[in-house]
There are 2 protein chains.
Amino acid sequence: MLTDRQLFLLQLLVNDYVVSAEPVGSRSIAKHDDVNFSPATIRNELADLEEMGYLEKTHLSSGRVPSEKGYRFYVDHLLSPVLLSDDEMGNIRYAYQKKFSETEELIRVTAQVLSEFTNYTAIMLGPELLEMKLKHIQLVKLNETQGVLIIVTDTGHVENRVVSFPESIKADDIEKIVNILNDKLKMVPLYQLQSRLNVEIASVLRAHVRDYERVMTLLKDSLTINDPEQIFYSGKSNMLSQPEFQDVDKIISLLNVLEGKEIVRELMSMPAKGLHIRIGRENKLNGIEDCSLITTTYSVGSEHLGTVAVIGPKRMAYPRVVTLIDMVSKLLTENLNKQE
Amino acid sequence: MLTDRQLFLLQLLVNDYVVSAEPVGSRSIAKHDDVNFSPATIRNELADLEEMGYLEKTHLSSGRVPSEKGYRFYVDHLLSPVLLSDDEMGNIRYAYQKKFSETEELIRVTAQVLSEFTNYTAIMLGPELLEMKLKHIQLVKLNETQGVLIIVTDTGHVENRVVSFPESIKADDIEKIVNILNDKLKMVPLYQLQSRLNVEIASVLRAHVRDYERVMTLLKDSLTINDPEQIFYSGKSNMLSQPEFQDVDKIISLLNVLEGKEIVRELMSMPAKGLHIRIGRENKLNGIEDCSLITTTYSVGSEHLGTVAVIGPKRMAYPRVVTLIDMVSKLLTENLNKQE
DNA sequence: ATTAGCACTCGGTTAGATCGAGTGCTAACA
DNA sequence: TGTTAGCACTCGATCTAACCGAGTGCTAAT
């Protein structure tokens, strides 16, 4: 068990290290006003904390740096939430004043606010498209052989795709088909579209429509949801000014990870609800061993959850980020649900 | 005027420099099989080329590097288009085999192909949204007070936004309004929507609809096109492995430029049609003085043009990029217009 | 007109030398 | 017994000087 003084020193050290990014020595800790024991005493305590695995040295005679265990302990037991200045609060609220024309824009702005105020990178995941339910489907003809198929979900998300129909399909058939789809597929979750198509729709179509075969393949293609992930980034380059990424190779591999698909999987693997922090190697994903991930969720309607995430160096300003991410996820949820 | 031998040497030197990224010396030029004069002769010629401004030295006793004038001459007079291997051709065509559900996806894939095969960064600009004409407008109700307004253009582009209507507006009014809009605004370019709204629509609405004031502000908001630029990137991090960007500061400023809005303006300032190359300082945009920009256009329908661009270091494999960008812009146009 | 030879330039690399921030340990102290 | 001053030691970071090699321009010979 840690003594009070050890807790105190651990907290001080992490706080110092977070701002300086340099190993912290006993002397610099002793400089704090509220520390009234000598560097030598501090050295003894730090040596103990190191032995217990909360601290590390970068080389034999360097100052101390928090280990992952140290960060973990810090976020679990020593994290005191921080208040934002009125100024900052005002600026954040201000960003949400304007009218958002598309939902996407609202999410994008949230990402931007988050990355700007944390100075790290923000990642937003839209709610699972496949879980959404079909609200309405519609075909707008562009010309004789092409049209745009529009799929609206219960959350207000809109998918669209250009389709071209062979001449063998007549105009009145098309209308009939769209009506059938709307009738049979209303409130069906998108992931079920294909199977419903094969089962219920197929038989109805066969009875009512000419050139059944082609219509079916056309529908099958059109009702496939190709890329079920909506992902938004902001502030990717913020990471580059962090001192831990002054090495070009690290930059490249980090950016590659950020731009890759695996990061999505990593984010999806976070526990479903509430705020979570994963530090360094706690992330399964290779390439972000030196980063921490803080995530929480926002909601669209009553059931659909999206993810808000901040990725920064392990040496992250945890209290501030926790406060901010919590705040914007609430603002986002609010705005999404009483959008006017 | 340049002698044949000088032309030949300039071409050789640029080609060498493009692959090596190191100042080229007389000895290494002399090593080429088809060069049958000595380093000393080459030195004399290079000194002349330098005096004429086509070449530069990085320091007093270094090899030569093409100047911007040198590159300009090279692309204008010495650029011999390069053939792609069957293998590569196959791979590119293969990328266009799959079904594209949304137009966006097609553009995104094109960007990806381009960045992967050039190893530089690809930027795509969608056709000017504001130039598109309204094809159809529709409101899908989500619940009692909210709906999704969907705007389809003649090119098949779909804009959508969530709107919430006050209770004072009745359901049959809404239907009436949408009908009026479709009637009066069909084939009106999007940039005219606002003015048409104020002139023609206003009077009709005032006559037919309750709570005219609120409806008008609602419509005004909904029919604003907020962010008229569609922009897609691919391969931003490709630039980082270029030897000219081994410096972290350069990386940061380059990425900031790429992520900023000004790059769009720079791209829009390129001549309207055909293939164009801007080298280094020929770009007005600060921060890409060491880069070259190659652009061309693609078309959607008969009139709408989008931009395909590749940005790379001045020391770019011009022949290869020219071939590739030309090829993908054609493939993109093809696929957009006979999309099936 | 071309080329071999040579003195010279200059960036990049290597090897010490030096500095300073930090430690652990020991011994003295409250 | 817990705290602290003192000291020898470690090690990264910075600076300097030496050196190497790729390259040039110029001169003189072919």
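Reminder, nothing fancy here: chain letters follow the sequence lines and each chain counts from 1. Atoms considered below: every heavy atom in the structure, side chains included; atoms not considered: hydrogens, waters and symmetry mates.
- With sequence neighbours excluded, the residues forming a salt bridge (charged side-chain N to carboxylate O under 4.0 Å, His left out) with Glu259(A) are Lys236(A), listed by chain and number.
- Remark: Asp86(B) pairs with no residue by the salt bridge (charged side-chain N to carboxylate O under 4.0 Å, His left out) rule, at least two apart or across chains.
- A donor and an acceptor atom, one from each side chain of Ser237(B) and Asn256(A), are located under 3.5 Å apart.
- Contacts classified as side chain to side chain donor-acceptor pair (under 3.5 Å) and involving residues 276-285 of chain A (residues at least two apart or in different chains) are given here: Arg72(A)-Glu282(A), Glu266(A)-Arg278(A), Ser269(A)-Arg278(A).
- Between the CD1 atom of Ile29(B) and the P atom of dT3(C) there is a distance of 14 Å, rounded to whole Å.
- Counting to the nearest Å, the C1' atom of dA21(C) and the NZ atom of Lys31(A) are 10 Å from each other.
- Residues passing the salt bridge (charged side-chain N to carboxylate O under 4.0 Å, His left out) test with Glu229(A): none are found, sequence neighbours excluded.
- Nearest nucleotide to the Arg5(A) side chain, out of dT2(C), dT3(D), dT3(C): dT3(D).
- Evaluation of the salt bridge (charged side-chain N to carboxylate O under 4.0 Å, His left out) rule for Arg108(B) yields Glu104(B) as partners, not counting sequence neighbours.
- Atom P of nucleotide dA1(C) and atom CD1 of Ile42(B) are separated by 18 Å, given to the nearest angstrom.
- In this structure, Thr41(B) does not reach the dT2(C) phosphate: none of its side-chain N or O atoms is under 4.0 Å from OP1 or OP2.
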(message) Counting primed atoms plus P, OP1 and OP2 as sugar-phosphate and everything else as base, spell out the protein contacts along nucleotides 8-30 of chain D at 4.0 Å heavy-atom distance: B, S or - for each nucleotide, 5' to 3'.
(response) --BSS----------BBB-----
